[in-house]
Trainee: 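One structure coming up, written as structure tokens, with questions to follow.
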Amino acid sequence: MYGPPKKSSWKLKLKSTIGFPKKIIANSEILLIVFVLLFFFVVRIGFEFNGLYGQDAHEYLRFGKALYQFFLTGTNPGDYMWPVNFPLYGAILSLLTRNVNFSMQLISVGSFIGIVLYASKMLKLIFVNDTNKRSLFLLCFLLFSPLLLRASILIMSDVLCIFFIVGAFYHFFKFEKSGDRMDLYLLVFYSFSAVTTRYPASIALLTPGVLTLIKLVREKKILPILLSLCIAGIVLIPHIVIKANRSTYFLNHEFFTDWSVLNFLKSDFITAGGGSEKHKIPNIIYSFYNIIHPGYLFIGAPLLLFLKIRDIQSIEIKLMWISIFLYALFLSGVPYQNLRYVMLTFPLALICLYSAYTSFYNFLSERKLVISATVLILIVQVALFCYVFNMSYRRNLFEREIFHTLDSYPQNTLYTFDVDVALMSYETKHYVINLLTKDIIFKKGELILFNEPRFGPQWEHTDLGNNWSNLKSQHQLVQLKELNDGWKLYEIR
């Protein structure tokens, strides 16, 4: 009559509520797409954030606009140092949207969606019998990874390149399992697309590339080899045509020319322009920051404690770890540090840590801490994203503030540093000259926009330092306006 006591209704509702989104996420990719697109439009329209953060973003946009004008009028787009894929795709999409800025930002957003979808497919492929935790894992640590989520709304080539890398690995694993030629052709397309989006992707894709070539040669598959070469050639055509006689000029970049094993243990560097950089962490450790840095995976270090030898037994996991280590070793020899660079292999590292996460999940489950831990993780991830996005947002607002401030002054020659590309991108009416230019001869009435506290000591022994020193000793500087964070606008008298 009485029977066992019933569970309280609120506990049943809570349990069903927790299970509901997991089922939705696991079974519907539409929810992911809707969420990311809503997030993008909130950032784009609500915050009026145009995806421009720092000099590189403006340079991507500049060449995207140049290619767009080439398609419309045939005007020569001019020279460009970096791989052409990202601005090229932006220019092509702009033929539909009629807005290069929006198109390039949309490519980053779409690539981010593709990364999450491919990562899910790869987890299904490698961990065949494990479906319960996959969606929660991707939600917490890939979708809400602070630096990757921020990159998804920037006009930068990183997210597009990562999409190609993750897609290449997925189709490589499928080709190894099934031998399906379509997977081979997609592998070739994604691999060469990744390299022509960011050149260092070639290091991350070296392992699957070599193993695929060995397989094709060993099995004497002549037709697939020829078709693969055709696909590679088609992907390379824009690079060869647009770069013309400078298609191999990227080999002169300090990424390659200044690469050295001696940089592995260094933390202080001289930049290409002669400035100095001082860091606390040696390169060899910094190159693995996509595993332990809070901006990527704030519980990365604890997760490593749950990693067991059996977790790296599968051939797919081993090959991804090899690629991660090869890329990290390459970055260790590069004479500077940048959190952007370690991003390319982040999704691969995350997939490799999935088994450690399942052990971590089980540890929490035994103590009935899964729900509270998940909520805490999401809160921390959102807080970290807000922090890193605020940095980009403030820089974006600052660049636009400078543009509008200068617009109130008569057209003139303007000497500046760090914001020169941004001002030209916003099409300032002033003739902008970088203070790193050698042996500048200053004239009365010209304008100077400079942040001496920030750049003076770092660039003291460079052309910038010499120009600034000569300017102060030979001319009088009259301050016209003081801007944020130490920036000042002067007129030369």
Side-chain angles (χ1 to χ4, degrees), residues 83-85 89 111 114-115 117-128 157-240 247-248 250-251 256 290 312-331 343-352 354:
V84 301
N85 265 13
Y89 290 174
S111 300
I115 290 168
L117 295 180
Y118 261 123
S120 178
K121 290 164 73 73
M122 204 173 328
L123 286 173
K124 291 178 187 177
L125 185 70
I126 299 172
F127 304 96
V128 179
S157 63
D158 304 292
V159 180
L160 177 62
C161 183
I162 295 170
F163 166 71
F164 287 136
I165 290 174
V166 176
F169 269 90
Y170 172 74
H171 290 291
F172 166 66
F173 294 144
K174 281 199 70 181
F175 177 64
E176 288 293 316
K177 285 178 178 290
S178 66
D180 190 326
R181 290 187 182 183
M182 183 55 67
D183 287 307
L184 169 64
Y185 302 143
L186 286 171
L187 162 62
V188 174
F189 174 78
Y190 280 139
S191 297
F192 280 87
S193 294
V195 174
T196 50
T197 302
R198 286 190 63 81
Y199 298 129
S202 57
I203 308 298
L205 292 166
L206 185 63
T207 302
V210 170
L211 292 177
T212 301
L213 181 60
I214 291 173
K215 177 183 176 70
L216 293 174
V217 172
R218 181 185 296 156
E219 297 177 1
K220 298 179 181 179
K221 295 185 175 181
I222 306 301
L223 182 58
I225 291 175
L226 292 176
L227 287 175
S228 296
L229 290 174
C230 289
I231 292 170
I234 292 171
V235 174
L236 290 172
I237 284 174
H239 175 82
I240 296 170
S247 58
T248 59
F250 69 91
L251 295 174
F256 304 101
N290 56 5
I312 55 175
Q313 292 302 309
S314 74
I315 187 65
E316 294 89 354
I317 298 298
K318 286 179 181 177
L319 291 177
M320 282 192 288
W321 274 122
I322 290 172
S323 296
I324 292 165
F325 272 87
L326 284 176
Y327 183 68
L329 289 176
F330 168 72
L331 289 184
M343 188 182 295
L344 292 191
T345 57
F346 170 65
L348 302 182
L350 200 60
I351 292 169
C352 288
Y354 180 67

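Each residue takes its place number in the sequence, starting with 1.
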Trainee: Enter the distance from Arg218:CZ to Leu211:CG here, rounded to the nearest 0.5 Å.
Mentor: 9.0 Å
Trainee: Ser157 and Arg198: which non-hydrogen atoms are nearest, and at how many Å?
Mentor: OG-CG, 3.4 Å
Trainee: Once you round to the nearest 0.5 Å, how far does CZ of Phe346 lie from CD1 of Ile115?
Mentor: 10.0 Å
Trainee: Any idea which heavy atoms bring Ile324 and Leu348 closest together, and the distance?
Mentor: CD1-C, 3.8 Å
Trainee: Any heavy-atom pair between the side chains of Tyr118 and His171 that's under 4.5 Å?
Mentor: yes
Trainee: Give the C-alpha distance, both sets of side-chain angles, the deciding distance and a yes or no for side chain to side chain contact (heavy atoms under 4.5 Å, CB included) between Leu125 and Lys177.
Mentor: CA-CA 10 Å; Leu125 185 70; Lys177 285 178 178 290; 3.9 Å; yes
Trainee: Say you draw a straight line from CG of Leu187 to OH of Tyr170; how long is it, rounded to the nearest 0.5 Å?
Mentor: 13.0 Å
Trainee: Students often mix this up, so state it plainly: with edges at 30° and 60°, are the rings of Tyr89 and Phe164 parallel, tilted or perpendicular?
Mentor: perpendicular
Trainee: Can you tell me how far OG of Ser193 sits from CD1 of Ile231, rounded to the nearest 0.5 angstrom?
Mentor: 10.0 Å
Trainee: Please give me the minimum heavy-atom distance between Pro347 and Val166, naming the atom from each residue.
Mentor: CB-CG2, 3.8 Å
Trainee: When you look at NZ of Lys221, are more than 12 heavy atoms from neighbouring residues, nucleotides or ligands closer to it than 6.0 Å?
Mentor: yes
Trainee: Does the gap between the ring centers of Tyr190 and Phe163 come in under 6.0 Å?
Mentor: yes
Trainee: Check Thr207, Leu326, Ile312 against Trp321 for a side chain to side chain contact (heavy atoms under 4.5 Å, CB included) and give me the one that passes.
Mentor: Ile312
Trainee: With the side chain counted from C-beta on, respond yes when Ile162 and Met343 share a heavy-atom pair under 4.5 Å apart, and no when they do not.
Mentor: yes
Trainee: To the nearest 0.5 Å, tell me how far Thr196 OG1 sits from His239 NE2.
Mentor: 8.0 Å
Trainee: Between Leu227 and Tyr185, what is the shortest heavy-atom contact and its length?
Mentor: CD1-OH, 3.1 Å
Trainee: I need the minimum non-hydrogen distance between Thr212 and Pro208, along with the two atoms involved.
Mentor: OG1-O, 2.7 Å
Trainee: Do Phe173 and Met320 come within less than 4.5 Å of each other through their side chains, counting heavy atoms only?
Mentor: yes
Trainee: Output yes when a side-chain donor or acceptor of Ser202 lies under 3.5 Å from a complementary backbone atom of Tyr199, and no otherwise.
Mentor: yes
Trainee: Verify the distance criterion only: is there a donor paired with an acceptor across the side chains of Asn290 and Thr345 at less than 3.5 Å?
Mentor: yes
Trainee: Could you walk me through whether Lys174 and Asp180 pass the side chain to side chain contact (heavy atoms under 4.5 Å, CB included) check?
Mentor: CA-CA 8 Å; Lys174 281 199 70 181; Asp180 190 326; over 6 Å; no
Trainee: Can you tell if the side chain of Lys215 reaches within under 4.5 Å of the side chain of Glu176, non-hydrogen atoms only?
Mentor: yes
Trainee: Are Leu216 and Leu184 close enough that some pair of their side-chain heavy atoms sits under 4.5 Å apart?
Mentor: yes
Trainee: Mind checking the CG-SG spacing from Leu205 to Cys161? Nearest 0.5 Å is all I need.
Mentor: 7.5 Å
Trainee: I need the minimum non-hydrogen distance between Ile126 and Ser314, along with the two atoms involved.
Mentor: CG2-OG, 4.1 Å
Trainee: Quick one: are Tyr327 and Leu331 in side-chain contact, heavy atoms under 4.5 Å?
Mentor: yes
Trainee: Are Leu319 and Phe172 close enough that some pair of their side-chain heavy atoms sits under 4.5 Å apart?
Mentor: yes
Trainee: Are any of the side-chain heavy atoms of Arg181 and Leu223 separated by less than 4.5 Å?
Mentor: yes
